[in-house]
Amino acid sequence: MKNIDKAVGLTKYFMTLPPARWIAVGILILGVLLGIGTGINKYSGFDLLLKGSLEGIFLLAAPALLSAVAVKLMLRKMLFRRILAATFVGELVYTITYAAGFFVFAFNPTYAKIMLIIGAAMVFVIWYLIARLVFVLKWRAFIFAIIQLFFHLAFLLSTAFMDFGTEPTSAVIKFYVASFVLLGAIYVILSIINAPMKRNFGFTSTDALSMFTAQWLYQDKKLEGAFEAVGENAKVPIAVFSFERGNGKNKDDNVMFVIPYVHFGPFGNLGGSEFSALLSDAIGQKYNTQAFIFHGTATHDLNPSSSDEISAVLGACDDCMRGAKYSACSVSLLGGRSSECFSETLLFNDSAFVSVSRAPQVTEDINFGLGSMLMSEAEKKTGMAAVIDQHNAETGEVTSFEPASEVGYKYMEAIKDALGKAEQKTGKRNRNPLSIGTSIKSVKSNFVGMAGVRVAAISSDPLAVMILVDSNGVTPEFREKIIAEAKAIGAAKKKNVQPILFTTDTHQLNAVRGVLNPLSEADGGITLSAIKEAVGEALDDMQPARFYSAKRWFDIRVLGAKQSIEIISTVNSIVAVAKIIVPLLLIISILLIVGLMSGI
């Protein structure tokens, strides 16, 4: 998990760009600082502030903003703040090299000019890489790099900032030659690091990165093509717990718990990232029911290769519901524990809805192999069982629970402990006739997906209040607060309730903010208010219901465990090679530039 932790750690630095006007102000400030710093020897007092600032703006900020405007005119659909952000990165390099060159000029004019040329070449490459990998451009990336250098040279050579001789054409040639030398080194580097990915998967590392940023920034789904190419077929189950309320004539009152054993990832709108919401809507519309989509025991190995794979899940759900026969049902809530691992199991007749957690300790994805073992253990005492990962304690630790792990063993013992109590739950007090109440709330929060908040109250003893939030986990502290609030609502209604908090672990939220976006109080209490309202409504909505359950196995194309390992191995080999090749080639190219320009 060490490599995964490092990768996830990088996402903490992902952020939403500030408004374009603030980035433009930042560019102007860099120009002012450069002008004041290099004007100390010429001006003093108010003249330094005024004239120095104007000279710096003319030398640095003016060509930068003109470059940004020119690029925007050619990329009208591109957000201007993204173009300005790329410009700002380049201006930081220009500012440093202009300032360093200015102060070195007094000691060695040749080295000062070389510093400016190398700085310009670095910005040239930065612009090219940003346009190629982030803006997802090809030949135009090269054109944009040329344009920005042209504007900077036009302003640099028209000032007295540094003497490049009386022949500007010669200076322009030298700047572009240096840029092409450094760009050539980058091309060699990219060719080397692209080879392993191309050989193993049929597409290059830069193509993968471009497709990744295209999805991340523009919700483009071309990356799914790569997933399809490297993916593999899998056979997994889907479990359905269906409740027919009233006399069954009003289908809108019916409820379905659906547990597809796929992972709702990888991120954004790719693969199964939006399945928790899409399945809720599709199943709800098809069966005129209120659909609750739970997180089964699955990790990223079982990420669907494309969003089109939702048809496989819906087809399997149809198989479950074909010929459905509802019957009277009694329900009990069974609790079991082994150390920090616990199970909260709802037993509907002979069907077990088994949920597990380690909260407040980290409760992360459960490997499908381990999940299958847990289901098999549960079905020793029941006719049918589904195991659900509550996924309700996000502590920042990135992990998953695998077969033969200590946590896996404790989960199994907790389930055995819970279902071992089933024989004791035969009295009238503990085996209650089934009633169910529900409430669904959409929530406008950066931490909640499109499926919103869904609450179901079940007539067990105590009353099970199942709170399902379409979120990428939840912090332990916020989980405790939600449970406390739900208990208080039950107490106010003079009902003994046991709240159980679930999240779908949807990865549709994993965008600019990175891959850790747990539900917390950071949303200003919006979600908590919706949960409290939904809990009260669900308790008031309870109606007698009949029950049906089924489980079917189906085929679906997923990223796959083998490919996940292969991708990690390939990336590790690329990184190992890059650690040697990148600095070596950059040093060689810079030395070559110094050698070529030493005669200026």
Side-chain angles (χ1 to χ4, degrees), residues 292 294-295 331-337 339-346 353-364 388-397 414 418 432 435-449 451-505 516-542:
F292 289 61
F294 290 90
H295 181 23
V331 60
S332 60
L333 177 60
L334 311 171
R337 178 175 287 274
S339 188
E340 81 283 4
C341 298
F342 61 90
S343 169
E344 294 170 297
T345 297
L346 282 162
F353 183 95
V354 181
S355 67
V356 294
S357 177
R358 300 173 71 239
Q361 295 191 38
V362 60
T363 302
E364 267 289 353
I388 294 86
D389 174 12
Q390 292 184 10
H391 211 89
N392 58 1
E394 176 58 70
T395 64
E397 179 184 352
N432 292 347
S435 291
I436 183 170
T438 62
S439 178
I440 297 175
K441 301 290 182 185
S442 61
V443 179
K444 293 183 179 179
S445 168
N446 290 331
F447 301 94
V448 178
V453 170
R454 295 169 186 247
V455 176
I458 308 287
S459 60
S460 55
D461 183 15
L463 287 172
V465 175
M466 305 169 69
I467 304 167
L468 175 64
V469 185
D470 192 26
S471 66
N472 185 220
V474 60
T475 62
E477 299 79 12
F478 197 47
R479 170 186 174 272
E480 292 297 327
K481 187 166 186 176
I482 290 171
I483 288 175
E485 293 285 357
K487 284 182 176 179
I489 292 169
K493 294 179 179 291
K494 298 182 179 181
K495 294 181 179 180
N496 180 23
V497 305
Q498 181 170 329
I500 308 173
L501 179 62
F502 302 82
T503 74
T504 62
D505 188 32
L516 294 178
N517 304 288
L519 178 65
S520 68
E521 292 185 85
D523 74 347
I526 297 171
T527 306
L528 183 58
S529 296
I531 290 172
K532 290 165 63 177
E533 186 177 350
V535 168
E537 291 178 358
L539 290 171
D540 293 338
D541 181 57
M542 295 185 71

> Nearest 0.5 Å, what's the OG-CZ distance between Ser339 and Arg358?
Replying inline: 8.5 Å

> Is there a donor-acceptor pair under 3.5 Å between the side chain of Ser459 and the backbone N or O of Ser435?
Replying inline: yes

> Is a salt bridge present between Asp470 and Arg454, judged by a nitrogen-to-oxygen distance below 4.0 Å?
Replying inline: no

>> Determine whether Gln498 and Leu463 satisfy the following criterion, side chain to side chain contact (heavy atoms under 4.5 Å, CB included), listing intermediate values before the conclusion.
In response: CA-CA 6 Å; Gln498 181 170 329; Leu463 287 172; over 6 Å; no

>> Looking at every non-hydrogen atom in both residues, tell me the closest pair between Asp389 and Glu364 and how far apart they are.
In response: OD2-O, 3.2 Å

> Do Thr503 side-chain atoms and Asn392 backbone N/O form a donor-acceptor pair below 3.5 Å?
Replying inline: no

> How far does CD1 of Ile483 sit from NZ of Lys481, to the nearest 0.5 angstrom?
Replying inline: 13.5 Å

> Is a side-chain donor or acceptor of Asp523 paired with a backbone partner of Phe447 at a separation under 3.5 angstrom?
Replying inline: no

>> A side-chain contact here means heavy atoms from C-beta on lying under 4.5 Å apart; do Thr438 and Asp541 qualify?
In response: yes

>> Can you tell me how far apart CG (Asn432) and OG (Ser332) are? Round to the nearest 0.5 Å.
In response: 8.5 Å

> Hey, are the side chains of Leu519 and Val448 touching, using non-hydrogen atoms and a 4.5 Å cut-off?
Replying inline: yes

> Is there a donor-acceptor contact under 3.5 Å linking the side chains of Ser355 and Glu344?
Replying inline: no

> What's the shortest heavy-atom distance between Pro499 and Ala486, and which atoms?
Replying inline: CG-CB, 3.6 Å

> Can you list the steps and then say if Phe342 with Val356 is a side chain to side chain contact (heavy atoms under 4.5 Å, CB included)?
Replying inline: CA-CA 6 Å; Phe342 61 90; Val356 294; over 6 Å; no

> Which pair of non-hydrogen atoms, one from Arg479 and one from Val474, has the smallest distance, and what is that distance?
Replying inline: N-CG2, 4.0 Å

> What is the minimum heavy-atom distance between Pro462 and Leu333, and which atoms define it?
Replying inline: O-CD2, 3.9 Å

>> Before you tell me yes or no, could you show the steps for Gln390 and Phe294 under side chain to side chain contact (heavy atoms under 4.5 Å, CB included), namely the whole-Å CA-CA distance, both residues' side-chain angles and the distance that decides it to 0.1 Å?
In response: CA-CA 8 Å; Gln390 292 184 10; Phe294 290 90; over 6 Å; no

> What is the distance from atom CG of Leu501 to atom CD of Glu480, rounded to the nearest 0.5 Å?
Replying inline: 10.0 Å

> Can you check whether Leu539's main-chain N or O pairs, donor with acceptor, with Lys493's side chain at less than 3.5 Å?
Replying inline: no

>> Within this structure, what is the CG-CD distance for the pair Asp505 and Glu394, rounded to the nearest 0.5 Å?
In response: 8.5 Å

> Within the distance-only criterion (no hydrogens, no angle test), does the side chain of Thr527 pair as donor or acceptor with the backbone N or O of Gly525 below 3.5 angstrom?
Replying inline: no

> Considering the options Val453, Val443, Ile482, which one meets the side chain to side chain contact (heavy atoms under 4.5 Å, CB included) requirement together with Leu528?
Replying inline: Ile482

> Is the count of non-hydrogen atoms from other residues, nucleotides or ligands lying under 6.0 Å from Lys487 atom NZ greater than 12?
Replying inline: no

> How far apart are the closest heavy atoms of Ser460 and Val331, and which atoms are they?
Replying inline: N-CG1, 3.9 Å

>> If I compare all heavy atoms of Leu346 with all of Ala464, which pair ends up nearest, and what's the gap?
In response: CD2-CB, 3.9 Å

> Would Phe292 and Phe502 count as a close aromatic pair, with their ring centres under 6.0 Å?
Replying inline: no

>> For a side chain to side chain contact (heavy atoms under 4.5 Å, CB included) check, start with the C-alpha distance between Ile436 and Met542, then their side-chain angles and the critical distance, and finish with the verdict.
In response: CA-CA 5 Å; Ile436 183 170; Met542 295 185 71; over 6 Å; no

>> Nearest 0.5 Å, please: how far is CD1 in Ile467 from CD1 in Ile531?
In response: 6.0 Å

